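For reference, the structure discussed in these notes is given below.
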There are 2 protein chains.
Amino acid sequence: MAQATGPSRSQPATLSDVARLAGVSVATASKALNGRSQVRAETRQRVVDAAERLSFRPNQLARGLLAGRTGTVGLLTSDLEGRFSIPILMGAEDAFGAGEVAVFLCDARGDAIREQHHVRALLGRRVDGLIVVGSRTDPRPSLGRELPVPVVYAYAPSDDPEDLSIVPDSVDAGRIAVTHLLACGRTRIAHITGDPGYLAARERSEGALAALADAGLTPVEEPRFGAWSEGWGRAATALLLDRHADVDAVLCGNDQIARGVMDVLRERGRRVPEDVSVMGFDDWNVLTSGSRPPLTSVDLNLEQVGRAAAHALFSAIGGGRRSGIEALPCRVVIRGSTAPLS
Amino acid sequence: MAQATGPSRSQPATLSDVARLAGVSVATASKALNGRSQVRAETRQRVVDAAERLSFRPNQLARGLLAGRTGTVGLLTSDLEGRFSIPILMGAEDAFGAGEVAVFLCDARGDAIREQHHVRALLGRRVDGLIVVGSRTDPRPSLGRELPVPVVYAYAPSDDPEDLSIVPDSVDAGRIAVTHLLACGRTRIAHITGDPGYLAARERSEGALAALADAGLTPVEEPRFGAWSEGWGRAATALLLDRHADVDAVLCGNDQIARGVMDVLRERGRRVPEDVSVMGFDDWNVLTSGSRPPLTSVDLNLEQVGRAAAHALFSAIGGGRRSGIEALPCRVVIRGSTAPLS
DNA sequence: AAACAAACCGAAAAGGCTTTCTGAAAGCTA
DNA sequence: TAGCTTTCAGAAAGCCTTTTCGGTTTGTTT
């Protein structure tokens, strides 16, 4: 059988194929399939059957061309491997995927040139809107006000206050973390955190100190800024214990630092959580669940950030216009590493 | 100025806008912009200038409608949060993004119904092909042979040998891991691994045992299957040391298990790597870099899997037809947790 | 039976682009 | 100058769908 086209090469059926098979015009076929009211029930059924037989799927390109809306959005992330892009991306995909919207994924690899390239390509495909996902909470350059479609920034806010940005509330995150430690009866609290070049580090710290101040307390020492790593957590803990042996809680800038802190506490004979409570930020499961004991952490609710961004984009496409930075609350996930003083 | 449309609402320029501004017909404008040879240089320049002035981007919908190819592909992942989808997705995005292809991302959340729904939606958008990314290496149900576009499976192979699947070579991964340990002079090697319900666990094990057998060795005890967690790593190590105190290397089924193993070795007074070498699989940076010492691990080269899948899809779209399971090599990333016996 | 309304179906245009084909102008040869 | 070839520009068709509008059929009313 020297057949030119195998089964999997055959062109998808078009509406006129369906119409021909059903013995009606394309106009009627279209109306029948789209539930328009100007077709007899019997005719509609013939069309539906024909469409079924040919496994007809309406060509969204043609539809989009006509409607002026494509039902697609661009998701522009700056680093896919980053820990933070993914949950946001999931939330957005989730919010969109339920409906009729498809998502173009683009990874700019943190390169502004490549980002610009992707924006152009997406606009060429006539996306209805864009979500820009950053990898850290520091403000990033705006894509500009002249874009023909709405844009929502997620996690990393735009530096233009006219843009709409959805971010986790880092200050509040620090605050609720300390509130939890206070609720556990801890009063001699240390704070070991990451790179001070990150806004997230500074804001979490700010919220933590504010919550302490509200309780009439100060940390046992100045917050220790360093790196976002287990190694820094270990090193800082050694220093901390040498100077402030009476510490009863350590608030860590992220889960990796917390892992390092807990390791050294254990080695120095401190029991967690009995002697010292420890908590982190980010609630990264691979770190929180494997530790001894499992780590209490502040979840940034990133999926919710993604969903909120998607919904905001929806309403912006519909004409609703918001701007500024909207900060979403975080939540403490309590595990074994924090407990009331007995 | 009661202007109806703000700057960001204006419709994007069309080719006929460009043509009008340049004082030519749309046909000429099209030819000018696409480098066709039937336009005078001077005319072409006028068109190019006009396009520039209007920041014209050709509508890819219209183009795709005409060409029968859209320059889009669907990336169907079964769990975005999964550790393995992301690098593959990056590799694919990378391979595509360089050119003229845009990627629709869909997450089926491991649900077959939702997957089917996404496939339909993607076909409606006339994607040129599909990549299906799984979350584990066990075979998964094929999408079927009757799809109008080519499909490539990545990481999780299709259960239909007529489909093309790109996977990491798990057997070889086990083999090269043991080869590395042997090269370090280790001979009393234990194997602690994860859930035996996972093909990856069984195949890595198989490769490891084969390499040992090739060297005329057997492991110090039967491989211990359990869970993919630090907790299991710790528990299994305790059992191991009780029975085989003379072990000089532990090959772990993944990096999390390896972390648990190393923790208990340290607590039992074994030095890593001097007394016992430890290695894992997956090369998950957050785990390998934070441990003491940094963990040697087998990298599955997942980005390469993604790139290979993208390239395979390209050539399939072009008509090239391959099938079966293609296994790509892995590589050992040597860090501080393995070293030659001194 | 005539007149009218209602129900149903189809022709055609639109959306933005590419491509083919036809036509006009320019340049060349004899 | 007549006749030829090149070179360049435009008209129109086509891709697939939706929607408007006009036309035909059927049913209802007097």
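All values derive from a computational prediction rather than experimental measurement. Sequence lines set the chain letters: A, B, ... in the order given, protein chains first and strands last, and positions in each chain run from 1.
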Legend entry - Toward the 5' end of DNA chain D, by each residue's nearest nucleotide, Ala41(B) or Arg57(A): Ala41(B)
How close or far is atom [atom2] of [N] from atom [atom1] of [X], stated in whole angstroms?
X        : N       : atom1 : atom2 : value
Gln38(B) : dA11(D) : CD    : C1'   : 14 Å
Arg20(A) : dC16(D) : CZ    : P     : 11 Å
Asp17(A) : dT17(D) : CG    : C1'   : 13 Å
Asn59(B) : dT18(C) : CG    : P     : 10 Å
Lys31(B) : dT22(C) : NZ    : C1'   : 11 Å
Glu42(A) : dA7(C)  : CD    : C1'   : 14 Å
Arg46(A) : dG10(C) : CZ    : P     : 9 Å
Gln11(A) : dG14(D) : CD    : C1'   : 14 Å

Are the side chain of [X] and the backbone N or O of [Y] linked by a donor-acceptor pair below 3.5 Å?
X         : Y         : answer
Arg44(B)  : Arg36(B)  : yes
Asp169(A) : Pro329(A) : no
Glu93(A)  : Asp107(B) : yes

Between [X] and [Y] (salt bridge meaning N to carboxylate O under 4.0 Å), is one present in this structure?
X         : Y         : answer
Arg20(B)  : Asp17(B)  : yes
Arg140(A) : Glu115(A) : yes
Glu100(A) : Arg63(A)  : no

Ignoring backbone atoms, establish whether [X] has a side-chain N or O less than 4.0 Å from OP1 or OP2 of [N].
X        : N       : result
Arg40(B) : dT7(D)  : no
Arg36(A) : dT18(D) : no
Asn34(B) : dT18(C) : yes
Thr28(A) : dC8(C)  : no

What nucleotide, of [options], holds the atom closest to the side chain of [X]?
X        : options                   : result
Pro58(B) : dT20(C), dC17(C), dT19(D) : dC17(C)
Ser30(A) : dA9(D), dT18(C), dT18(D)  : dT18(D)
Ser25(B) : dT18(C), dG10(D), dC17(C) : dG10(D)

Inset, instruction - Would you jot down, in residue-number order, the residues of residues 60-73 of chain A having a non-hydrogen atom under 4.0 Å from DNA chain C? - result: Ala62(A), Leu65(A), Leu66(A)
Inset, instruction - Quick one: label Thr14(B) by what it contacts on the DNA or RNA (base, sugar-phosphate, nothing), any heavy atom closer than 4.0 Å. - result: sugar-phosphate
Inset, instruction - Apply the side chain to side chain contact (heavy atoms under 4.5 Å, CB included) test between Tyr153(B) and each candidate in Ile325(B), Leu143(B), Asp159(B); give the one that qualifies. - result: Leu143(B)
